[in-house]
Protein chains: 2
Amino acid sequence: MKKLTDIKTDFPGWYQDIIFQAELVDSSPTRGSMVIRPYGYAIWENIQKILDKKIKVLGAQNAYFPLLIPESFLKKEAEHVEGFAPEVAVVTHAGGKKLEEPFVIRPTSETIIYSMFSRWIHSWRDLPLKINQWANVVRWEMRPRAFLRTTEFLWQEGHTVHASREEAMQMALDAREMYKDFVENYLAIPVFSGIKSESERFAGADETYCIEAIMPDGKGLQMGTTHLLAHSFPESFEISFQDKDGTMKVPYCSSWGVSTRMIGGLIMSHGDENGLILPPKIAPVQAIIIPIYRNEDDKKTVLEMAEKLEDLFEKLSIRIAIDNDETKTPGAKFFHWELRGVPIRIEIGPKDVAKNQVVLVSRVEKDKAKKKSFVSIDQLEKALPDMLDTIQRKLLETAKVRSEKLLEKNGWCGSAACEATLKEDKRTIRCLIESKEHTNCFSCNKPSIADVIIAKAY
Amino acid sequence: MKKLTDIKTDFPGWYQDIIFQAELVDSSPTRGSMVIRPYGYAIWENIQKILDKKIKVLGAQNAYFPLLIPESFLKKEAEHVEGFAPEVAVVTHAGGKKLEEPFVIRPTSETIIYSMFSRWIHSWRDLPLKINQWANVVRWEMRPRAFLRTTEFLWQEGHTVHASREEAMQMALDAREMYKDFVENYLAIPVFSGIKSESERFAGADETYCIEAIMPDGKGLQMGTTHLLAHSFPESFEISFQDKDGTMKVPYCSSWGVSTRMIGGLIMSHGDENGLILPPKIAPVQAIIIPIYRNEDDKKTVLEMAEKLEDLFEKLSIRIAIDNDETKTPGAKFFHWELRGVPIRIEIGPKDVAKNQVVLVSRVEKDKAKKKSFVSIDQLEKALPDMLDTIQRKLLETAKVRSEKLLEKNGWCGSAACEATLKEDKRTIRCLIESKEHTNCFSCNKPSIADVIIAKAY
């Protein structure tokens, strides 16, 4: 295995190395698409498990809509087709014949879902209607990059319909808050909640809300978006409902999604010169036990203790495993699991067994004195979960300090002309945020309407 | 809502009614595809949850491979392309341009997965390799029917690679056993484990194993297949490994899958003239509480008891809900939940509160005396789970008796000519089974090689 590219001098090179060497993905023969390998997919499964519960708490129910959308549907909402037409993959032939009407592979599912909503919504009693879908989508990508920008990606998309604009907007805000909570408290990535400027809005939305993170290279990464769609889609798909007063009204909508892109943010946020670092709450393996022995007698007692601990912590719902690959040295195993970002390594040798202790090694501590600790078996049941909590908290804190340092916050007058001046050095207004520390526009110096975060974007 | 078509005189008509009226699916503007509504999707989620654990017990890890497969890949395995070419959907344009090489939407993923396996397998140390994928696939369908045969469907596909043919075959057999266990003990559908005749084999397989169920109309439904792929794909995709003895060898493979089609089997197997009947282990709602009251005082005490019971059983991990829709009569609610196949209805009225009891109504009992029972609250914690177990067992027993009655089992000489005689009345050999009760072929009367199940197929 080749040495990891230096994270300090070549961050993109480091990213490319880490995703392949930690076996998160492999490049695929399908241009722009990635193969998500078991270790990478296990992260996605953990994300799904946690988010799915939160989505259900918001009142949404999961459903599944067709992958293929009649091309004419995409054209029903004018802004939407303008936004997505250049990126879609088109099925022109199927079942051995040329199709009368081509299908596009869903780049997002508003059009097909709203066409169904028009059948399901008749009365105020049918509202609010809250649907979520876990699915794959395809957007043809010219400059693909694993997790961050791929032709096919996995995501969830929530689509809701409400009687009032206020309610739809609240839904979009609640979904953003859910994403912020998830990204900060599980992925340990600090984010800014904001609103997109008109030029960065979702195709067909009245308002796009977002959470944005600042990566270690200073670039902004959009971690999730939620949209107030208002009347655009309901009108295009002829959705109306009879309100309590008997009149027919057009409802208001929201949509919101996060994707496998979050894993890209996770890798970049926490990794170091030795590889990946995964926050405990999302790590497929939270603690790896490395048995160390030189003879059969030691092997027996060491493995005995290893298995006892594995049993104990599995019962406590900690994701723990023993690496007892006999073809590898302990050193090679340390390297292997460090590269994969496992939060805690548990070393057990014959001397440890004799002393009724283990060695805990934290993946996040740089200071050698702090990195290793000897913990007696009796205290381990408390010490191990505590250490996982500490690591989780420390990762968020470290990322927060760094993010604040790299952040460019400024005022903005609200004009597209001033926004456009940023494009020269490929920067954009990532979002408008709630604070108002700056009184003047970064460009024209006129009064500012809101603080904005400015960054190059992933 | 219109009356359900009579199940006895028009089974297909009943099936069509039930899937729409119970809100399992809706037809979609994408020809041949279905929209899976929340109630139908909740069944799929339960299936996934249970099967995913079993798949992991078999040692397979989940991963994700691209939806789009270069057209040339499909052609690498001769039999495979012959089998699937007529059914694939082809992407010819993307990103606003005609593609140099078209992509097919995966009809199954052997080709793309084996192309990756060829990179991952080098030595005997890399074997066995066991991968599973939960995904959508597309096979262009001329006569679509919700769940049973749709252009797009959801499934899992397991793909494994082994050093020996025996091991690959054992894997295919173990996967079949896992499916049989799941279908019988969770979906309550009795199945026959068998082997497909050559003419019904998967395109590219050495041997196809299957589980087959007999539906109430006497037709056979293939519920799952597992394949011994032997050398076909490894050779086409140049997969080889260095064995312990230092020589290079070609490995042996298996693949196996089940799909949303199982939900079609579930609906047909257990439904009756009043609608769906769901086995408790798979039902999204296992027990529905219907509060019955005529005035505000009664409402208060009845709802109080309903909520107490909901809390209690949620803690016991029973999927329970209260229907407190005030716009509906209790009778309308009975109808609603019967149609949706909820195993147990719990009725609570003011008299029940006074007597500290509830009324339990079983969805499966036809006999009025047995259908309803009064259970005191003190006994409910035991009585409710017991009743769920009874319903689960009874559904399997009833389906077993019926299946045996409808079954056509006969001997077969093994010749394709005799098999072909069945095609006149659209029947096929569903599978060869282990029993050998028949000594002669159903057609030519020569000695039989194995008992076969003969049926029209879904």
Side-chain angles (χ1 to χ4, degrees), chain A residues 23 26 28-42 44-45 52 60-70 73 85-97 99 102-103 105 112-113 115-116 119-120 125 131 133 135-136 138-142 151-152 154 260 327, chain B residues 26 28-42 44-45 52 60-70 73 85-97 99 102-103 105 112-113 115-116 119-120 125 131 133 135-136 138-142 151-152 154 260 325 327:
Chain A
E23 297 188 339
D26 204 347
S28 89
T30 303
R31 220 198 124 277
S33 291
M34 59 182 166
V35 169
I36 309 179
R37 301 188 70 169
Y39 196 58
Y41 198 77
W44 181 239
E45 287 183 299
D52 194 65
Q61 292 183 294
N62 288 339
Y64 189 77
F65 297 83
L67 170 76
L68 300 176
I69 301 176
F73 274 49
E87 317 189 335
V88 292
V90 188
V91 175
T92 56
H93 293 70
K97 284 186 194 156
L99 295 167
F103 289 99
I105 299 180
I112 189 94
I113 289 182
S115 80
M116 300 310 299
R119 296 197 203 189
W120 301 342
R125 285 188 184 83
I131 292 289
Q133 170 172 268
N136 53 344
V138 169
R139 299 177 186 175
W140 217 252
E141 194 49 71
M142 289 301 112
T151 286
E152 182 187 5
L154 304 180
T260 35
T327 69
Chain B
D26 204 346
S28 89
T30 303
R31 220 198 124 279
S33 291
M34 60 182 165
V35 169
I36 309 180
R37 300 186 72 169
Y39 196 58
Y41 198 77
W44 181 240
E45 286 183 300
D52 194 65
Q61 292 181 294
N62 288 339
Y64 189 78
F65 297 83
L67 170 76
L68 299 176
I69 301 176
F73 275 49
E87 318 189 334
V88 293
V90 189
V91 175
T92 55
H93 292 71
K97 283 185 195 158
L99 295 167
F103 290 99
I105 298 180
I112 189 93
I113 290 181
S115 79
M116 300 311 298
R119 297 197 202 189
W120 299 343
R125 283 187 185 84
I131 292 287
Q133 170 172 266
N136 53 345
V138 169
R139 299 178 186 175
W140 217 252
E141 193 49 70
M142 289 301 113
T151 286
E152 182 186 4
L154 304 180
T260 35
D325 181 344
T327 68

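Atoms considered below: every heavy atom in the structure, side chains included; atoms not considered: hydrogens, waters and symmetry mates. Everything numeric here is computed off the predicted structure, so don't read it as measured data. Per chain, numbering begins at 1; letters A, B, ... match sequence-line order.
Nearest heavy-atom pair, B:S33 versus B:S28, reported as atom, atom and distance to 0.1 Å: O-OG, 3.1 Å. Scanning both residues, A:M142 and A:R31, for their nearest heavy atoms gives O-NH2, 3.2 Å. Taking all atoms of both residues into account, the shortest heavy-atom contact from B:V91 to A:A89 is CG1-CB, 3.9 Å. Contact between B:I36 and A:A63 at its shortest, heavy atoms only, is O-CB, 3.3 Å.
When the candidates A:F103, A:W44, A:F65, A:W140 are compared by the number of heavy-atom contacts under 4.5 Å with chain B, A:W140 comes out ahead. Contacts with chain B were tallied for A:M34, A:Q61, A:R119; A:R119 has the most, counting heavy-atom pairs under 4.5 Å. Each of A:S115, A:G95, A:G96 has some count of heavy-atom pairs under 4.5 Å with chain B, and the biggest count is that of A:G95. Ranked by heavy-atom pairs shorter than 4.5 Å toward chain B, the options A:V138, A:L68, A:D26 are led by A:D26.
Proximity to chain A (any heavy atom under 4.5 Å) is restricted, for B:L154, to the side chain, taken from C-beta onward. Interface remark: B:W120 contributes side-chain atoms only to the contact with chain A (heavy atom separation under 4.5 Å). Using a 4.5 Å cut-off between heavy atoms, B:T30 contacts chain A through both its backbone and its side chain. Looking at B:T151, neither its backbone nor its side chain comes within 4.5 Å of chain A, counting heavy atoms on both sides. Residue A:F73 touches chain B through its side chain alone, counting heavy-atom pairs closer than 4.5 Å. For a residue to count as touching a neighbouring chain, one of its non-hydrogen atoms must lie under 4.5 Å from one of that chain's; by this rule B:E45 touches chain A with the side chain only. Both the backbone and the side chain of B:P66 come within less than 4.5 Å of a heavy atom in chain A. Interface remark: A:I69 contributes backbone atoms only to the contact with chain B (heavy atom separation under 4.5 Å).
The CD atom of A:E152 sits 8.5 Å away from the CD1 atom of A:I105 when rounded to the nearest 0.5 Å.
In this structure the side chain of B:L67 reaches within 4.5 angstrom of the side chain of B:N136, judged on heavy atoms.
Using modelled atom types, no side-chain atom of B:R139 and backbone atom of B:P86 make a donor-acceptor pair closer than 3.5 Å.
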